[in-house]
Asker: 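For reference, the structure I am asking about is given below.
The first residue in the sequence is number 1, and the count goes up from there. All values below were derived from every heavy atom in this structure, side-chain atoms included, with hydrogens, water molecules and symmetry-related copies excluded.
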Amino acid sequence: MSNYIFLDNWVLADFTMPEWQERLSKFIIRNKFTILMNGLSAAELYNPGWKEAGEADRTIRIANFLSRHPCVVVN
């Protein structure tokens with residue numbers, strides 16, 4: 001059975017910053033976690049101006065982070 005971890009919006013926004021991202025990633029890998037997300041979290045993280053915000057935008061940063069780890073969207 002998988003180990004799951006729910007990362008709320010604050011954790012995703014803060015701990016995917018460059019200075020924390022590697023630590024969070026190693027923690028997830030070491031514990032063999034699958035990240036849980038829900039639709040409400042995704043809606044709260046969405047930035048309609050993400051194209052103009054560039055690479056520093058949390059939406060892009062979080063999407064890149066999540067793409068490197070097992071994730072499940074739950075209802």
Asker: Would you say that N9 contacts V11 through its side chain, given a criterion of any heavy-atom pair below 4.5 Å between the two side chains?
Answerer: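 SC-SC contact between N9 and V11 ruled out.
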Asker: Rounded to the nearest 0.5 Å, what separation is found between the CZ atom of F6 and the CG atom of L12?
Answerer: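 Rounded to the nearest 0.5 Å, the CZ-CG separation comes to 8.0 Å.
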Asker: Is there a donor-acceptor pair closer than 3.5 Å between any side-chain N or O of R58 and the backbone N or O of A13?
Answerer: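 Side chain of R58 to backbone of A13: no pair is present.
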Asker: For residues Y4 and V74: do they belong to one hydrophobic cluster (side chain heavy atoms under 4.5 Å, members Ile, Leu, Val, Met, Phe, Trp, Tyr)?
Answerer: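 Yes; tracing contacts between hydrophobic side chains, which count when under 4.5 Å, links both residues.
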Asker: Out of curiosity, E44 CD to D8 CG, how far, rounded to the nearest 0.5 Å?
Answerer: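 E44 CD to D8 CG: 9.5 Å, rounded to 0.5 Å.
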Asker: What's the separation between atom CG in L7 and atom CD1 in I5, rounded to the nearest 0.5 Å?
Answerer: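 One gets 5.0 Å once the value is rounded to the nearest 0.5 Å.
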Asker: Do any N or O atoms from the side chain of S25 and from the backbone of E22 form a donor-acceptor pair under 3.5 angstrom?
Answerer: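 No; judged by distance alone, with no hydrogens or angles, the pair does not exist.
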Asker: For W20 versus D14, what's the shortest heavy-atom pair and its separation?
Answerer: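 The answer is CD1-O, 4.1 Å.
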Asker: Taking the side chain as every heavy atom from C-beta outward, state whether L66 and M37 have any pair of such atoms under 4.5 Å apart.
Answerer: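 Yes. Closest side-chain heavy atoms under 4.5 Å.
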Asker: In terms of the angle between their ring planes, are F33 and F27 parallel, tilted or perpendicular, with boundaries placed at 30° and 60°?
Answerer: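 Because their plane-to-plane angle lies in the 30° to 60° range, the rings of F33 and F27 count as tilted.
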Asker: Answer whether the closest heavy-atom distance between the side chains of K26 and Q21 falls below 4.5 Å.
Answerer: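 Side-chain contact under 4.5 Å: no.
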Asker: Is it true that S41 and N38 share a donor-acceptor pair across their side chains at a distance under 3.5 Å?
Answerer: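 Their side chains do contain a donor-acceptor pair, which is all the 3.5 Å distance test asks for.
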Asker: Between F65 and I28, which heavy-atom pair has the shortest distance, and what is it?
Answerer: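 Result for this residue pair: CZ-CD1, 3.7 Å.
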Asker: With rounding to the nearest 0.5 angstrom, report the CD1 to CG distance, I29 to L24.
Answerer: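 So the gap between those two atoms works out to 9.5 Å.
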